Student: 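Before we start, here is the structure in question, set down as structure tokens.
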Amino acid sequence: MPELAKAYEPQQVEDRLYKKWQEGGYFRANPKSAKPPYSIVMPPPNVTGKLTLGHVLNNTLQDILCRKARMEGREVLWLPGTDHAGLATQTAVEKHIRNTEKKTRHDFTRDEFVARIWKWKEEFGGIITQQLRKLGCSCDWSRERFTMDKDYKHAVQEVFVRLYNEGLIYRGTRMVNWCPGSLTAISDEEVIPTKQKGFLYHVKYQLVGEPNNHLVVATTRPETIMADVALAVKPGGKWAHLVGRKVIRPLHRAEIPIIADDAVEEGFGTGVLKVTPAHDKADYEIGKRHNLPAIDILTPKAKINDPGEHDASELHSLDRFEARKRSAELLKERGLLEKEEPYENTVGFSERANEAIEPRLSTQWFLKYPNIKEALALLQKGHVKFHPEFWTKTYEHWIENIQDWCISRQVWWGHRIPVWYRIVWTDDKKVHGEETVCQITSPGEGWEQDPDSLDTWFSSWLWAYETMRTEDGTRQKFYPTSALVTGPDIIFLWVARMLIAGLHFKPNGEKATESETLEANLAFKDVYFTGLIRDKQGRKLSKSLGNSPDPLDLIAKYGADGLRFGLIRIAPQGADIRFDEKQIEEGRNFCNKLWNICRFRTMQGAIDPQADPFRHTRSIFADELLDRLHFLLEGERNALVALKAFNFSEAASQLYDFVWNDFASRFVEAAKIDFAQADSPTRAGTLATFDYVMSRVLRLLHPFAPFVTEELWCELGFGEETILTTTWPTKSPRPETWSSRAQGIYLSADMGRSLRADLGIPSNQKAYYSLVSAGHLILTESERGVFESLLNAFALRFEDVKAAIKTFTPLGDLYISGGVIDPALQKQRLTKDLAKVEKDLEQTRRKLGDANMLAKAPPAKVEEWRALEVSLVEKEKSLRESLEKLQG
RNA sequence: GCGCGGUUAGCUCAGUGGUAGAGCACUACAUUGACACUGUAGGGGUCACAGGUUCGAACCCUGUACCGCGCACCA
């Protein structure tokens, strides 16, 4: 058998194995397979994006689910792909062109510019999918999709036309969230409320006919005063008597009425509200109620647009924030600013451009969501489950308060809206006439398509099933999908909408019963929401902070498995993750540990892939390991249960603990005794146990750390081809010969080593130990060998050693001699131990002395306390003896 | 303001009623034949706070404080 390298070297392994997997077609899903299906669609990353730690976490989890499902005998489809990410991609390309050619998108025609984006996509579009391969993702690359593929594009258009015909999509003029940075409307879900420090300006509005009387209005936006059309007060409130009177608008002076409206809260500010219907959502509603005009004084870029000669002309064409300052100054100069006080309020920001959103009256396309009741029932009836469950409430709340979705974007890169307008000519100018048709292809000459594009999410919401629309029956086999792994930040943007799309479009058709139809058209059954990755200080990872490590660097340093395992082990379910490179280092160290356990095994000869330890005579140490394995797989709250419950970090931790402690630190150390003696009666059993357990460990770890487990599986000879197609271990019997002897020996050895350290005897130096057992414990020769080896002891003696110090162990009193006894140190240690024992004893006795407690506590518990008392008394006695000896 | 999470060792987190745990970090020792990507030992916690339920509370209930997230038309 070839000896393995001294340390695991991922760089020598990963690319070779990934190539092998791909060439072997192991990731390819077969719709004709008789195996039960398991499917996941990958949340498509931005096509021109690069891999982030968030992607690493997300995709590793999906890979774990898929690799495990494959081993469980399912036909697995993990469908990868990328998103065109309309605005984000357009912005990136615009920035590039600005930097390199000093041009804007308006220096090109729309077609030219879109062609530039396609070129950009060809150049950079493959980066992230290549990076996912580096990570080891077992996706079916033959089915990779892009949201602007020809077929996918067509599907999006079809859906639009259908919803239009159903009356669910309509065009309307409404207040929308306008981003002056990217010059497009965005949906409510894309607005980030952000706390802003500003001022509350108290502005005087003079009453018409009473030059000495005025109403004071508190506003954060004096630059919109010119668009005021009224002042509103509370009906029946303290200003109610003024309703019907007029005031003079202080900038761009004009008379405006005082009205009464319920939206006004008297407790806030001065209790008087300026009504600016064109620039505030609430004011727009008030305006509608009172039939007031909307005066728009902002350009799309949010510069003041109030031309002409009037008292505030100088504000014209100023940016909204400059205008805010300047208008406050103007008011002050005119004695109309009563005061300004520092004030913090919440302002909506656009995620992409990081610009303050401007509420703006604009004609856009909207979707009235269908199937809302059913979407709500999905979660409540348990057809779909969220993990962690608490996200369900957030989902429900959103569904219950759902608003029509603004789906049009003033962006060039994306899916065009399939609506055509008849061109009419007025005064030699081309305009869109009344006549409108909604269809995918042009109706012909004289028609022009709507210039807007669709919100990127309007294509993403079809992702779960449109990506599966192929001739070979993929959708029939693999939809509904089994699970979705994503971030809670897109629970509305994507998750909820995909569920709604599935319900409405019924991609798997109608079935016999309503409930079957429902079941057949779920986008997914389980949704796992990952946490957000933060840096050590708890800040979000971001490019601008420079605190986001490049996963590719981490892979180069620690290997893909190290990155995966390290990250998964510390990613608690449903909570954010504090990233620390140290944790990735631990992942690498773990892989190396596994590697070296196997390396040790190769030194003992060939492994037996079919090894069955239960047919051999076994040492108690082999039994102990088999026992631990049994509990790992079948115990209460075992690793498999954790994995089934999407508790990935718990499963990873249990495996880590089993490999490092049970396997390496204990079993391997004990096995050395068997391996050192060719004629040991338990040697064969130990070898078989080793191979049997390792075979299962490698398979259990494979989904977490695919490369190192595959390499070891093949190198050691557990299988010739691949670990990918092996079976997932689910159980392992508890050896009927198991006893607690091995545990006793391990524990006693730990205590013996502690003594050695007290005496300052280095761990590599042999020491003299003696064991005096109170009972009739007799160690077999090999048990004694293991005990001596763990202690690094000379031949163990079985007599009281007067000059030595001792400790009370499960095996009896363990003495050590040699080394230098430092009486002060000894006394300190013994006193400390004694204090602890006495405290425990006192606590236990208090319980046992409490009649009430004894009467009401379960008898089994009382027995436990009694047993504890006995052992504590023994321990106390032993400690006192040692102390006396030290003093005497 | 409402809702949802969280608060346990220096750090990251387990721990859903019965003697407070792990990993890392720290300290000391050790280059012993699987592994220094290591081994051995050690120090370190009134479980945020206050009440309550219980024989018994880190755990269940109520309230408070602080942190994070989501929702909300407070100008």
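We name chains A, B, ... by the order of the sequence lines, and we start the count at 1 in each one. Note that the structure is predicted; figures quoted are calculated from it, not measured.
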Student: Evaluate the side-chain hydrogen bond (donor to acceptor under 3.5 Å, both in side chains) criterion for residues A:Glu189 and A:Trp405: first the C-alpha distance (whole Å), next the side-chain angles of each, then the deciding distance (0.1 Å), finally the verdict.
Tutor: CA-CA 9 Å; A:Glu189 286 73 21; A:Trp405 173 11; 5.5 Å; no
Student: For A:Lys861, answer base if it contacts any base atom (sugar-phosphate contacts may also be present), sugar-phosphate if it contacts only those atoms, and nothing otherwise; contact means non-hydrogen atoms under 4.0 Å.
Tutor: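 Base: the residue A:Lys861, judged by heavy atoms under 4.0 Å, touches a nucleobase.
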Student: Look at all strands and tell whether A:Phe675 reaches a base, only sugar-phosphate, or nothing, counting heavy atoms closer than 4.0 Å.
Tutor: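 Contact class for A:Phe675: none.
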Student: Under a 3.5 Å cut-off for both distances, is B:rC69 Watson-Crick or wobble paired, and to whom?
Tutor: B:rG3
Student: Check whether A:Asp850 reaches the backbone of A:Arg846 with its side chain - one donor and one acceptor, N or O, closer than 3.5 Å.
Tutor: no
Student: Rounded to whole angstrom units, what separation is found between the CD atom of A:Gln654 and the P atom of B:rG15?
Tutor: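 Answer to the nearest Å: 11 Å.
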Student: Between C1' on B:rC55 and NZ on A:Lys847, what's the gap in Å once rounded to a whole number?
Tutor: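 These atoms are roughly 11 Å apart.
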Student: Please determine, for B:rC35, whether a Watson-Crick or G-U wobble partner exists with both distances under 3.5 Å, and give it or none.
Tutor: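 Paired with B:rC35, as far as the under-3.5 Å criterion goes, is no nucleotide at all.
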Student: Do A:Arg564 and A:Phe704 form a cation-pi contact, if we require the NZ or CZ to be under 6.0 Å from the six-membered ring centre and within 45 degrees of the ring's axis?
Tutor: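 No, cation not above the ring by the 6.0 Å, 45° rule.
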Student: Base, sugar-phosphate alone, or nothing: which one does A:Asn764 contact when heavy atoms must sit under 4.0 Å apart?
Tutor: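 Result for A:Asn764 = base.
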Student: Can you sort out the partners of A:Phe663 under ring-ring contact (aromatic ring centres under 6.0 Å, His included), two or more places apart, ordered by chain and number?
Tutor: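 With sequence neighbours excluded, A:Phe663 shows a ring-ring contact (aromatic ring centres under 6.0 Å, His included) to A:Phe667, A:Phe690, given in chain and number order.
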Student: Any salt bridge between A:Arg866 and A:Glu869, counting N to O under 4.0 Å?
Tutor: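 No, no charged N to carboxylate O under 4.0 Å.
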Student: When all nucleic acid strands are considered with a 4.0 Å heavy-atom cut-off, which category describes A:Leu273: base, sugar-phosphate, or nothing?
Tutor: base
Student: Judged by atom type as modelled, is there a donor-acceptor pair below 3.5 Å linking the side chain of A:Asn647 to the main-chain atoms of A:Ala642?
Tutor: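 Between the backbone of A:Ala642 and the side chain of A:Asn647 there is no qualifying donor-acceptor contact (under 3.5 Å).
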Student: Just the rounded figure in Å: distance from P of B:rG44 to NZ of A:Lys836.
Tutor: 12 Å
Student: Separation of A:Met853 atom CE from B:rG56 atom P, in whole Å?
Tutor: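 Going from A:Met853 (CE) to B:rG56 (P), I get 7 Å.
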Student: State which residues pass ring-ring contact (aromatic ring centres under 6.0 Å, His included) with A:Trp391; sequence neighbours excluded, sorted by chain then number.
Tutor: A:Phe529
Student: How would nucleotides 35-43 of chain B be written as a contact map, 5' to 3', with B for base contact, S for sugar-phosphate-only contact and - for no contact, using protein heavy atoms under 4.0 Å?
Tutor: B-BSBSSSS
Student: Counting any heavy atom closer than 4.0 Å, what does A:Leu532 reach on the DNA or RNA strands: base, sugar-phosphate only, or nothing?
Tutor: nothing
Student: Base, sugar-phosphate or nothing for A:Ala664? Non-hydrogen atoms, less than 4.0 Å.
Tutor: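 Base, at least one base atom sits under 4.0 Å.
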Student: Nearest to the side chain of A:Arg569, which nucleotide is it out of B:rG23, B:rG70, B:rC24?
Tutor: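 Nearest listed nucleotide: B:rG23.
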Student: Not counting sequence neighbours, list each pair that qualifies as a salt bridge (charged side-chain N to carboxylate O under 4.0 Å, His left out) and has a residue in residues 749-766 of chain A.
Tutor: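 Qualifying pairs: A:Arg666-A:Asp750, A:Asp750-A:Arg753, A:Asp758-A:Arg829.
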Student: If you assign A:Leu854 and A:Lys281 each to the RNA chain B nucleotide with the nearest heavy atom, which residue ends up on the more 5' nucleotide?
Tutor: A:Leu854
Student: Contact class for A:Asn345 (heavy atom, under 4.0 Å): base, sugar-phosphate, or nothing?
Tutor: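 Since only primed, P, OP1 and OP2 atoms lie under 4.0 Å of A:Asn345, the category is sugar-phosphate.
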Student: Rounded to whole Å, please give me the gap between CG in A:Leu759 and C1' in B:rA30.
Tutor: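 Atom-to-atom, A:Leu759 to B:rA30, this comes out as 16 Å.
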Student: Could you check whether A:Arg637 gets within reach of a base, just the sugar-phosphate, or nothing at all, counting any heavy atom under 4.0 Å?
Tutor: sugar-phosphate
Student: Who is the Watson-Crick or G-U wobble partner of B:rG23, with both distances under 3.5 Å?
Tutor: B:rC11
Student: By side chain to side chain donor-acceptor pair (under 3.5 Å), which residues pair with A:Gln765, not counting sequence neighbours?
Tutor: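 Listed in chain order: nothing, the list is empty.
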Student: Just checking A:Asn792: base, sugar-phosphate only, or nothing, at a heavy-atom cut-off of under 4.0 Å?
Tutor: nothing
Student: Within the 4.5 Å heavy-atom criterion, are A:Tyr558 and A:Glu581 side-chain neighbours or not?
Tutor: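 Result yes, sub-4.5 Å side-chain heavy-atom pair found.
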Student: If you take any heavy atom closer than 4.0 Å to RNA chain B, which residues from residues 390-401 of chain A end up in contact?
Tutor: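 Those residues are A:Phe390, A:Lys393, A:Thr394, A:His397.
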Student: Need one value for A:Pro488: base, sugar-phosphate or nothing, where a base atom within 4.0 Å counts as base even if backbone is also close, heavy atoms only.
Tutor: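 Nothing: the residue A:Pro488, judged by heavy atoms under 4.0 Å, touches no strand.
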Student: Please name the nucleotide paired to B:rG51 by Watson-Crick or G-U wobble geometry with both distances under 3.5 Å, or report none.
Tutor: B:rC61
Student: Using whole Å, what does the distance between atom P of nucleotide B:rA75 and atom CD of A:Glu223 come to?
Tutor: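 Interatomic distance, CD of A:Glu223 to P of B:rA75: 14 Å.
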Student: Could you check which of B:rC55, B:rG15, B:rG18 has an atom nearest any side-chain atom of A:Asn852?
Tutor: B:rC55
